[in-house]
There are 2 protein chains.
Amino acid sequence: MLLEQELRQTIREIPDFPQKGVLFKDITPVLLKPRLVERCVEELARQFRVRDITKVVGIESRGFLLGPMIAQQLGAGFVIVRKKGKLPEVAASISYELEYGSATVEIAKDAIFPGDEVLIHDDLLATGGTAAATAKLVQQIGAKLAGFGFLISLEGLGGRKALESFGVPIVQLVSYAR
Amino acid sequence: MLLEQELRQTIREIPDFPQKGVLFKDITPVLLKPRLVERCVEELARQFRVRDITKVVGIESRGFLLGPMIAQQLGAGFVIVRKKGKLPEVAASISYELEYGSATVEIAKDAIFPGDEVLIHDDLLATGGTAAATAKLVQQIGAKLAGFGFLISLEGLGGRKALESFGVPIVQLVSYAR
């Protein structure tokens, strides 16, 4: 079966979570299938293999699930981005606007350096707010942004628009119209 | 270099985080070394290979980092345990006491079944509260608990005592006296 097709059959859609009107994409059934996980990781890594990625950045917490495996496949280090206050030593932090209020993400000290080629990974692209903030963090440190790799992209929420100004490839394995 | 020795040299100890008097063990430098990550995953998987593990349960959020790779190595599914309210559909939930207050963890629907052989994974064993609660969740569903696998164990905080009543192997790759 095509990877995209298998993902679409496996991802569970749950109405009104976490709030009314949202059709939540639940990736937990994907994780139950080791061969499908392997295919996802291989495909995301394959798309960026030519870029000589040295670091994969995963966004807390669902970016932690496939991110370390993508890094392994690319022979790269894995770097975590967490919400404010959870990392003991921070290299840089950035705040960004959410639909209601704002959020701050932080990147660990001594993890990314100028000269690194960085792939940013999260499970899902929606508005792109967190991914864009993470990309700015990476650039702030002086490293080179090489691309964004997502499992899922929700179209129509502005995510692609928020990220395309970075001028790097944006890859997802399956897209949903919202 | 021996795995334990390399881990000890790589894990960063940070005083007074997240609160005064705690010597925090920061695993983020481990994630930067793909070969070391691979060795950790292989060793944790090796210790449980004879048990025919069908599911690896990872505890949010640092149990998400190596858990899916351990599951891959064992040809098992990966199942997430999250704090209350984050999973859209829940099979079972359990509350447990913390030093101050209490917490609730939940396991996703349709992820673990009677007949599953379950390995519980987290990055660090301290008091064992969350791991013990997760083990009870697994047993509540009727699955068989096969063991606990941690990257780090902090001795002297009662973690081993909290888990030994389950009568299954408790494995860690490196221990620290507190």
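Hydrogens, waters and symmetry mates are skipped; everything else that's a heavy atom, side chains included, is used. It should be emphasised that the depicted structure is a prediction, and the values quoted were computed from it without experimental measurement. Order of the sequence lines fixes the chain letters, A, B, ..., with proteins taken first and strands second; residue numbering starts at 1 for each chain.
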Taking every non-hydrogen pair under 4.5 Å, which of Q72(B), R82(B), K33(B) racks up the most with chain A?
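Of Q72(B), R82(B), K33(B), Q72(B) has the most heavy-atom pairs under 4.5 Å with chain A.
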
If we define contacts as heavy-atom pairs under 4.5 Å, which of G63(B), A76(B), G67(B), A71(B) has the most with chain A?
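Highest number of heavy-atom pairs under 4.5 Å: A76(B).
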
Report whether [X] and [Y] are members of the same hydrophobic cluster (ILVMFWY, side-chain heavy atoms less than 4.5 Å apart, transitive linking).
X       : Y       : result
V81(B)  : I141(B) : yes
I170(A) : L154(A) : no
V37(B)  : L2(B)   : no
L124(B) : L87(A)  : yes
V41(B)  : L3(B)   : yes

With chain A as the partner chain, list the residues of residues 14-27 of chain B whose heavy atoms fall under 4.5 Å from it, by residue number, and write 'none' if nothing qualifies.
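At a heavy-atom separation under 4.5 Å, chain A is reached by I14(B), F17(B), F24(B), D26(B).
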
Of the listed residues (K86(A), E89(A), E38(A), R35(A)), which shares the most heavy-atom pairs with chain B below a 4.5 Å separation?
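Result: the option with the highest number of such pairs is E89(A).
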
Shorter than 4.5 Å, heavy atoms on both sides: which option in P34(A), G77(A), G85(A), G75(A) has the most such pairs with chain B?
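Ranked by contacts with chain B, first place is P34(A).
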
Do you see a donor-acceptor pair shorter than 3.5 Å between the side chains of R62(A) and S61(B)?
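The criterion, which ignores hydrogens and geometry beyond distance, is not satisfied for S61(B) and R62(A).
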
Residue [X] versus chain B: region with a heavy atom under 4.5 Å:
X       : result
E60(A)  : side chain
K109(A) : both
A108(A) : side chain

Carefully, step by step, assess L32(B) and K55(A) under the rule side chain to side chain contact (heavy atoms under 4.5 Å, CB included).
CA-CA 8 Å; L32(B) 293 176; K55(A) 301 282 163 61; 4.0 Å; yes

Apply side chain to side chain contact (heavy atoms under 4.5 Å, CB included) to residues L31(B) and I80(A) and explain how you reach the verdict.
CA-CA 9 Å; L31(B) 303 172; I80(A) 66 182; 4.0 Å; yes

Side chain to side chain donor-acceptor pair (under 3.5 Å) against E43(A), all qualifying residues, sequence neighbours excluded
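In terms of side chain to side chain donor-acceptor pair (under 3.5 Å), with neighbours along the sequence ignored, E43(A) is linked to R46(A), Q47(A).
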
Can you find a heavy atom in the side chain of D110(B) that is under 4.5 Å from one in the side chain of R12(A)?
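Result yes, sub-4.5 Å side-chain heavy-atom pair found.
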
Within the 4.5 Å heavy-atom criterion, are L65(B) and L65(A) side-chain neighbours or not?
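Sidechains of L65(A) and L65(B): no contact.
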
Kindly check if the number of other-residue, nucleotide or ligand heavy atoms within 6.0 Å of NZ (K136(A)) is above 12?
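No, NZ of K136(A) has 12 or fewer neighbouring heavy atoms, counting only those of other groups under 6.0 Å.
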
